[in-house]
Amino acid sequence: FFFQAEDGIRDYKVTGVQTCALPICQGNQEKAEAQKAEAQKEGVQSPKTVEGRSVPHAPGTDPFDESATWLLKHPFASALVPRILSMINLDLRSSYLLLLGSLFALSSMVTSLCSFGQEFLDARVSSRFTFHHENVLGSSLELHLEGLDADEAKRAETLALQTIDRLSELFSSYSKTSEFSDFCRLEIGESMVASSELCQLLKRCEAWQRVSEGAFQPAVELLSRRWKEGVEQARTPEPEELLQLAKRISKPHWRVELETNRLTRCSEEPLILNAIAKGTILDGVGEVLQKEFLDLKLATINIGGDIRIVGDQSQVVSIPDPRKDAIGASPAQRVVLHNQGIATSGVSERYYAIGNHRYSHLIDPRTGRTCDKTLSATVIAPDAETADVLATICCVLAPAQAIRLVDALPGCHAWIVTMIGDPWVSSDWPGQEPQEPVTKGALGKAEDKSEASPFRSEEHTSELQSP
């Protein structure tokens, strides 16, 4: 028996059980009488008979005699074997060989069938399940599971949706009842006790602001609102006004006390966590599924193109070409993910339309202007939160600066396409068709003094593995 798995399709094959051909001598009455006469001439005592079949008189004269004698002494065999021999008309020696061969063949067949049955049962119990849901975090959810039975997969789906709902009620700025919305309604100087999850997320936001040199900023919502007003007024905001607003949001907006989980409001600017919270929620779902289902081999959680992979198996992910909007177009890159996250940010789908111009919905918090240098940025990281926030940062920074930042963060990789279609990749981009790193003067590894990531990427050491 052997098990074969190819291209995700499980095939079962059972090899034939081969047994050696045992010589079978038909003992008829004439042969028995001839043997008896020959024995009498040589002075050998006449053999005894059992139900008309010859039985050797003196054990030890034949290598099969001792076993045959033991077989006939067995209570069950002594009653059953004579009847069988009388039915099939065989002498004892040939019958004994036939019996042993049959038992061996039967035991081999039973073993093979048991193994096959176990593997077949495992295959029926452990299968692949994919669930689709719309209007999840304003997008669609695709949940792919492997290694669970049907009941476990259904429970995993329910648990994933419950986790998404719970975490969105912590981080959402759209839900008026979320914990983050409660914090945003505080006046300057007011404080509240919040969940440890929200406090830790805001603390990581502070670190990302520092590492990105202001390219990540939750208070960018103030600038987004100004651009929306420009769309309504059909007038582009003035650069001077945008710069003033950018300076206004550059100051601290909260204070976090992790020891007591207390948050204090330090500004009145509107805040939003869109550039990081989706990845945080994806990580939360993956963590819950792994803890709850120990037999889970693979879980792929995809919300609006941001993906988290957890489990022992790997997953191939295709990255669409931002320069080709046609449905069904060939992907630009394919990567293999193993316990990692991937996220893409870009300007191809969302924009501010003012007059005859389209402006990216991504805004540089340092200047207030829309990002006009990068068409798309895809980031692979040890977790979805890091991939999510880095993808946005890579769209805000100049490509060379973004690549230096990604190269400085452990386990992170980036593939960036500029507005004119030029690809920029990190030095160890793991795509199946990787582009060579651009050898411009501004591009390259970050210097040793660059700050290492203070985020979850430090807590993961998994490397990319083949499926």
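Position 1 is the first residue of the sequence; numbering continues from there.
Side-chain atoms of H361 do not come within 3.5 Å of backbone N or O of Y359 as any donor-acceptor pair. At least one donor-acceptor pair under 3.5 Å links the side chain of N339 to the backbone N or O of G311. Using a distance-only test at 3.5 Å, with no hydrogens or angles considered, a donor-acceptor pair links the side chain of T280 to the main chain of I276. No donor-acceptor distance shorter than 3.5 angstrom exists from the side chain of S172 to the backbone of E169, with no hydrogens or angles considered. Checking side-chain atoms of Q217 against main-chain N and O of G214 turns up no donor-acceptor pair under 3.5 Å.
Here the closest heavy-atom approach between residue Q333 and residue G431 is recorded as OE1-CA, 3.6 Å. Of all non-hydrogen atoms in S181 and S175, the two that sit nearest each other are OG-O, 2.6 Å.
Between F131 and F129, the two ring planes are parallel [angle under 30°; tilted spans 30° to 60°]. Between W415 and W429, the ring-plane angle classifies as parallel under the 30° and 60° cut-offs.
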E229 and R225: CA distance, side-chain angles, deciding distance, salt bridge (Lys or Arg N to Asp or Glu O under 4.0 Å) verdict: CA-CA 6 Å; E229 291 177 0; R225 294 181 182 183; over 6 Å; no

Residue pair E157, K154: steps toward the salt bridge (Lys or Arg N to Asp or Glu O under 4.0 Å) verdict: CA-CA 5 Å; E157 176 198 21; K154 193 62 180 177; 3.0 Å; yes

Audit row: S224, Y352, side chain to side chain contact (heavy atoms under 4.5 Å, CB included) steps and yes/no: CA-CA 10 Å; S224 298; Y352 300 111; 3.7 Å; yes

side-chain hydrogen bond (donor to acceptor under 3.5 Å, both in side chains) assessment of E142 paired with T130: CA-CA 7 Å; E142 179 179 311; T130 300; 5.5 Å; no

Residues L390, L405; criterion side chain to side chain contact (heavy atoms under 4.5 Å, CB included); working and verdict: CA-CA 9 Å; L390 263 182; L405 173 60; 4.0 Å; yes

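Under the side-chain contact (heavy atoms from CB on, under 4.5 Å) test applied with V288, the options T163, D283, V310 reduce to a single match, T163. Paired with I342 under the rule side-chain contact (heavy atoms from CB on, under 4.5 Å), one option of I380, N302, D306, I309 passes, and it is I380. Under the side-chain contact (heavy atoms from CB on, under 4.5 Å) test applied with I307, the options T300, I301, T344 reduce to a single match, T300.
The pair E206-R210 fails the salt-bridge criterion, with no side-chain N (NZ, NE, NH1 or NH2) lying under 4.0 Å from an Asp/Glu carboxylate O.
Side-chain contact of S195 with E179: a donor-acceptor pair under 3.5 Å is present, judged by distance alone. In this model, no donor atom of one side chain and acceptor atom of the other lie less than 3.5 Å apart for S314 and H338.
For the atom pair W254 CH2 and E269 CD, the distance stands at 12.0 Å (nearest 0.5 Å). Between the OG1 atom in T418 and the NZ atom in K373 there is a gap of 10.0 Å [rounded to 0.5 Å].
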